[in-house]
Amino acid sequence: MTTRIAPLRPPYAPEIDAQLKKWMPPEAAFEPLALFRTLAVHDELFSRMRPLGAGILGHGRVPPRDREIVIHRTCARAGAEYEWGVHAVVQGPAVGLTTAQIDAAASGPADDPAWTAADSVLVRLADELHDTGNISDAVWARLAERYDDDQILELIIIAGWYRLLSTVINSARIELEPWARRFPAGTPQFGVAARS
């Protein structure tokens with residue numbers, strides 16, 4: 001598989017370098033992600049996208065672990081191994097997701113034994129948004145037992161944002177980060193057929 005949009009390579013223009021530094025955690029031990037360097041090809045969109053992405057990851061009203069369940073499942077359902085793999089190494093473990101839960105987000109059903117009942121609702125949310133672009137009354141009622149309206153809205157936006165990123169990743173054929181995880185064996189290859 002050949003990358004369709006080449007990510008920027010150093011040396012970067014000063015304004016792009018400054019933006020890349022904002023997108024990456026200050027303590028990152030690796031170069032800016034290929035996703036970020038690909039988005040930087042369009043400097044205007046790149047600068048406008050960062051506030052939402054940073055807000056989702058750093059200033060959300062949803063507990064970080066819940067956010068990551070939705071992100072992992074959304075990326076897996078969209079076939080975005082790149083983004084799933086980055087989150088499986090960096091964000092998932094940092095918020096307390098186990099390896100079994102991270103794997104279940106990629107390849108298990110919503111009622112996988114790795115999930116609690118509350119976790120399972122988040123997986124169902126991601127599945128329904130992926131499959132229908134909507135949320136059933138049953139899942140909405142379960143979400144409303146635990147979350148306020150602003151938090152439910154945030155969960156929907158998280159799924160939409162990571163679906164957008166997954167679409168960019170798959171369409172641009174961004175190369176996998178060498179340090180990121182790969183989907184577990186047996187993971188359904190959603191969205192992969194269109195890439196071949």
Side-chain angles (χ1 to χ4, degrees), residues 1-10 12 16-17 19-41 46 49-50 52-58 60 64-108 112 114-115 119 122-123 126-127 130 158-196:
M1 182 170 69
T2 304
T3 300
R4 288 177 167 164
I5 299 175
L8 297 182
R9 303 241 180 247
Y12 306 114
I16 295 295
D17 188 51
Q19 284 290 326
L20 287 169
K21 287 177 179 166
K22 288 180 182 177
W23 279 73
M24 292 296 293
E27 70 282 353
F30 38 84
E31 70 176 304
L33 297 180
L35 170 61
F36 301 157
R37 293 183 291 115
T38 301
L39 293 174
V41 167
F46 184 56
M49 292 174 78
R50 186 185 165 277
L52 179 57
I56 286 171
L57 291 179
R65 185 178 176 282
D66 297 1
R67 174 199 73 217
E68 285 302 314
I69 291 170
V70 173
I71 291 171
H72 280 79
R73 185 62 165 205
T74 298
C75 293
R77 288 299 310 274
E81 185 175 32
Y82 175 98
E83 192 70 6
W84 178 91
V86 167
H87 278 258
V89 170
V90 180
Q91 287 90 352
V95 299
L97 290 179
T98 66
T99 299
Q101 290 167 333
I102 292 169
D103 289 352
S107 59
D112 190 286
W115 301 123
D119 295 343
L122 295 168
V123 175
D127 286 350
H130 178 83
I158 289 167
W161 175 252
Y162 280 88
R163 178 58 188 242
L164 167 68
L165 292 179
S166 295
T167 300
V168 170
I169 289 162
N170 292 341
S171 298
R173 296 184 178 167
I174 296 175
E175 290 183 25
L176 301 172
E177 298 291 347
W179 50 264
R181 280 212 42 212
R182 302 299 180 259
F183 280 145
T187 299
Q189 296 299 299
F190 304 107
V192 174
R195 289 193 259 165
S196 55

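Each residue takes its place number in the sequence, starting with 1.
Between Ala100 and Ala114, the closest heavy-atom pair is O-CB, 3.9 Å. Nearest heavy-atom pair, Ala34 versus Tyr82, reported as atom, atom and distance to 0.1 Å: N-OH, 3.2 Å. Between Val95 and Glu68, the closest heavy-atom pair is CG2-CG, 3.7 Å. Closest heavy-atom contact between Ile16 and Ala40: CD1-O, 3.9 Å. Scanning all heavy atoms of the two residues, the minimum distance from Gly186 to Ser107 falls at O-CB, 4.4 Å. Here the closest heavy-atom approach between residue Ala80 and residue Phe183 is recorded as C-CZ, 4.0 Å.
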Self-check item: Verdict with reasoning, Met49 to Leu165, per side chain to side chain contact (heavy atoms under 4.5 Å, CB included)
Solution: CA-CA 10 Å; Met49 292 174 78; Leu165 292 179; 4.1 Å; yes

Quiz item: Under the side chain to side chain contact (heavy atoms under 4.5 Å, CB included) criterion, do His87 and Leu57 qualify, and how do the steps go?
Solution: CA-CA 11 Å; His87 278 258; Leu57 291 179; 4.1 Å; yes

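You'll find the side chain of Arg37 reaches within 4.5 Å of the side chain of Leu20, heavy atoms only. Arg50 places none of its side-chain heavy atoms less than 4.5 Å from the side chain of Leu39. Looking at Thr74 and His130, their side chains never come closer than 4.5 Å, going by heavy atoms from C-beta outward. When side chains are defined from C-beta on, Tyr12 does not count as touching Gln19, because their heavy atoms never get closer than 4.5 Å. Under the 4.5 Å side-chain criterion, counting only non-hydrogen atoms from C-beta, Trp179 is in contact with Val86. In this structure, Val70 and Trp161 have side chains that are not in contact, with every pair of non-hydrogen atoms separated by 4.5 Å or more. Side-chain contact between Ile102 and Arg181 is present, with heavy atoms from C-beta onward closer than 4.5 Å.
Using a cutoff of 4.0 Å between basic side-chain nitrogens and carboxylate oxygens, Asp119 and Arg73 are not scored as salt-bridged.
Between the side chain of Arg4 and the backbone N or O of Ala172, no donor-acceptor pair lies under 3.5 Å. Looking only at distances, no side-chain donor or acceptor of Thr3 sits under 3.5 Å from a matching main-chain atom of Ile174. A distance-only check finds no donor-acceptor pair linking the side chain of Arg182 to the backbone of Glu81 [under 3.5 Å]. The backbone N or O of Ala78 sits less than 3.5 Å from a side-chain atom of Asn170, completing a donor-acceptor pair.
Here the CD atom belonging to Glu83 is positioned 4.5 Å from the CD1 atom belonging to Ile169, to the nearest 0.5 angstrom. With values rounded to the nearest 0.5 angstrom, Gln91 atom CD is found 7.5 Å from His72 atom NE2. Summarising the geometry, atom CD1 belonging to Ile56 is positioned 6.0 Å from atom OH belonging to Tyr162; distances are rounded to the nearest 0.5 Å. In this structure, CH2 on Trp115 lies 7.5 Å from OG1 on Thr98, to the nearest 0.5 angstrom. Atom CZ of Arg173 and atom OG1 of Thr38 lie 13.5 Å apart (nearest 0.5 Å). Note: Leu35 CG to Glu177 CD = 8.5 Å, rounded to the nearest 0.5 Å.
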